[in-house]
Amino acid sequence: MSDTWHVFPVRDLTEHDIETDDCVCIPDQRAVKREDGSMGWIAVHHSLDGRELREVP
Ligand SMILES: [Zn+2]
């Protein structure tokens with residue numbers, strides 16, 4: 001999965017593991033089409049400072 005792009009919040013309190021696909025924030029995997037027409041993956045990381053956690057019921 002070394003061709004996965006990583007998107008993560010800047011200035012987050014916790015560092016994200018962008019070397020593997022096993023980050024603690026459990027990033028969303030999204031399929032994207034590259035400029036050459038091939039398919040790739042983007043790992044969308046979540047902030048780890050509690051922004052999303054407050055939305056959990
Ligand atoms: Zn992450």
Side-chain angles (χ1 to χ4, degrees):
M1 297 291 282
S2 60
D3 60 346
T4 301
W5 297 342
H6 291 265
V7 178
F8 52 93
V10 293
R11 296 193 299 273
D12 203 0
L13 296 179
T14 306
E15 285 194 27
H16 291 265
D17 184 356
I18 61 173
E19 300 298 323
T20 72
D21 294 326
D22 194 23
C23 187
V24 294
C25 76
I26 312 177
D28 287 332
Q29 300 289 334
R30 296 182 187 176
V32 291
K33 198 170 189 177
R34 296 198 187 98
E35 292 181 6
D36 64 3
S38 65
M39 295 303 292
W41 291 93
I42 288 182
V44 181
H45 293 251
H46 302 285
S47 63
L48 291 173
D49 59 7
R51 271 175 277 177
E52 274 88 3
L53 293 179
R54 296 197 196 97
E55 298 176 6
V56 176

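Remember, it's 1-based here, ligands and their atoms both numbered in the order they're listed.
Transitive grouping of hydrophobic side chains (ILVMFWY, heavy atoms separated by less than 4.5 Å) brings Val44 and Val32 into a common cluster.
Note on the Zn ion (ligand 1): protein N/O/S atoms under 2.8 Å are His16 ND1, Cys23 SG, Cys25 SG, His45 ND1.
Summarising the geometry, atom NE2 belonging to His45 is positioned 12.0 Å from atom CD belonging to Glu15; distances are rounded to the nearest 0.5 Å.
Among pairs with a residue in residues 18-39, none fulfils ring-ring contact (aromatic ring centres under 6.0 Å, His included), at least two apart in sequence or across chains.
A pairwise comparison of heavy atoms in Asp17 and His6 identifies O-CE1, 4.4 Å as the closest pair.
Counting heavy atoms from C-beta outward, Pro9 and His16 have side chains that approach closer than 4.5 Å.
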